[in-house]
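Data first, discussion second: the structure below is written as structure tokens.
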Amino acid sequence: MHKILVTRRVFDEVLERLGRHFAVEANQEDRIWTAEELAQHLADKDGALSSAVDPLDASVIERASRLRALCTIAVGYNNIDLAACKRAGIVVTNTPEVLDETTADLAFALLLASARAIVPAERWLREGRWRAWKFDAWLGADVHHATLSILGMGRIGQAIARRAAGFSMRVLYHNRNRCDAALERRCNATWVERETLFAEADFLLPMLPYSAAVHHIIGAPELALLKPTARLVNVARGGIVDDAALIAALQERRIAGAALDVFENEPALDPRFLALDNVLLTPHIGSASQATRLKMAMLAVDNLIAVLGGQAPPSPVRF
Ligand code: DGY
């Protein structure tokens with residue numbers, strides 16, 4: 001029987017299914033392992049179900065001499081050294097598609113909450129400060145008929161664009177490769193140049209997978225193109241946005257606000273975010289619904305069973 005490792009806590013039904021196929025070691029305590037500990041746990045394993053935050057760098061991969069399948073329960077895999085996996089002949093898989101709609105839901109929730117100051121207004125009410133209704137209190141920005149600018153029109157970007165139709169939004173997007181006309185029609189989205197995308201945005205959503213090529217793709221020059229009334233919403237990955245540049249733009253009120261689910265160096269996000277009243281912060285919960293996390297884990301199990309059974313996995317990472 002193949003030995004496998006589950007690096008972080010998963011639902012019991014996931015472990016039960018794994019147990020029917022493999023000898024399983026699972027980190028149900030959910031301790032955050034160091035790279036050294038992770039390497040030790042992987043040393044005698046044929047496969048692993050990993051997470052988006054495990055430090056699967058070359059030093060860990062190179063010590064996992066039996067490992068044949070690395071199946072991450074995430075769509076993003078920028079925490080995995082693919083070159084090291086390739087050298088070691090390890091198949092890497094991820095969990096695309098099953099989380100698209102759930103992540104788009106969160107993007108829209110953040111967009112709405114940021115525009116209408118839902119979180120500070122609720123906090124203020126709880127603090128017992130609501131004495132009287134006021135004509136000019138808690139004035140937010142309209143979402144309906146506003147311009148939604150999406151950088152990167154992959155599956156999650158498309159799911160967000162479809163939601164925007166319900167709010168009669170104008171949807172602009174920029175991709176290196178323009179989508180075909182049928183897809184543009186389905187998303188009611190118009191391709192524009194990058195500068196136009198930034199300059200026209202009421203809400204800017206970067207929706208790109210992280211890679212070195214898109215590191216800080218939204219930095220000081222891009223933020224300078226935004227209107228003072230614009231808001232940035234990031235549910236993609238830390239590192240796509242230059243957090244220091246964003247903090248400066250928010251501190252100087254050069255943009256109206258931001259809503260962020262992902263950060264550079266998370267969970268140790270830049271503490272200056274915490275002092276700002278024009279940013280909404282959530283702890284990387286884009287795909288966090290019960291149903292979607294189960295689908296992600298089960299897809300990862302499908303992948304593991306396929307690879308260790310000598311079959312092609314349903315969702316391989318191609319590299
Ligand atoms: C992903 O799937 O990459 C998410 O960010 C982790 O849930």
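Predicted, not measured: the structure shown is a model, and the values here were computed from it. When a ligand or atom number is given, it counts from 1 through the structure's own listing order. When reading the values below, keep in mind they use all heavy atoms of this one structure, side chains included, and skip hydrogens, waters and symmetry mates.
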Self-check item: Residue-ligand contact G286/ligand 1, heavy atom below 4.0 Å
Solution: no

Quiz item: Ignoring hydrogens and geometry, is there a side-chain-to-backbone donor-acceptor pair from N303 to T72 under 3.5 Å?
Solution: no

Self-check item: Side-chain donor/acceptor of D261 to backbone N/O of I285, under 3.5 Å
Solution: yes

Quiz item: Is there at least one pair of N or O atoms, one from M296 and one from ligand 1, spaced under 3.5 Å apart?
Solution: no

Quiz item: Between R63 and E36, does at least one N-O distance fall below 4.0 Å, as a salt bridge requires?
Solution: yes

Quiz item: For atom 7 (O) of ligand 1, what is the nearest protein heavy atom, given as residue, atom name and distance?
Solution: S287 OG, 2.9 Å

Self-check item: Per-residue contact class, L99 against ligand 1 - non-hydrogen pairs under 4.0 Å
Solution: side chain

Practice problem: Please could you name the atoms of ligand 1 that R293 approaches to less than 4.0 Å, counting only its heavy atoms? | Solution: 7 (O)

Quiz item: Aromatic rings H41 and W33: how do their planes relate, parallel, tilted or perpendicular, breaks at 30° and 60°?
Solution: parallel

Practice problem: Number the atoms of ligand 1 from 1 as they appear, then name those within less than 4.0 Å of a heavy atom of H284, with their elements. | Solution: 4 (C), 5 (O), 6 (C)

Self-check item: G76 neighbourhood, listing ligand 1 atoms whose heavy-atom distance to it stays under 4.0 Å
Solution: 1 (C), 2 (O), 3 (O)

Quiz prompt | Y173 side chain vs C187 backbone, donor-acceptor pair below 3.5 Å | solution = no

Quiz item: So, E13 and R17, do they make that salt bridge, N to O below 4.0 Å?
Solution: no

Quiz prompt | Residue and atom name of the nearest protein heavy atom (relative to atom 3 (O) of ligand 1), distance in Å to one decimal | solution = R237 NH2, 2.7 Å

Exercise. Mark up the atoms of ligand 1 that fall under 4.0 Å of a heavy atom belonging to A74, in ascending order.
Key: 1 (C), 2 (O), 3 (O)

Quiz item: Closest non-hydrogen protein atom to atom 2 (O) of ligand 1, residue and atom name please, with distance?
Solution: V75 N, 2.7 Å

Quiz prompt | D202 (side chain) donor-acceptor with T229 (main chain) under 3.5 angstrom | solution = no

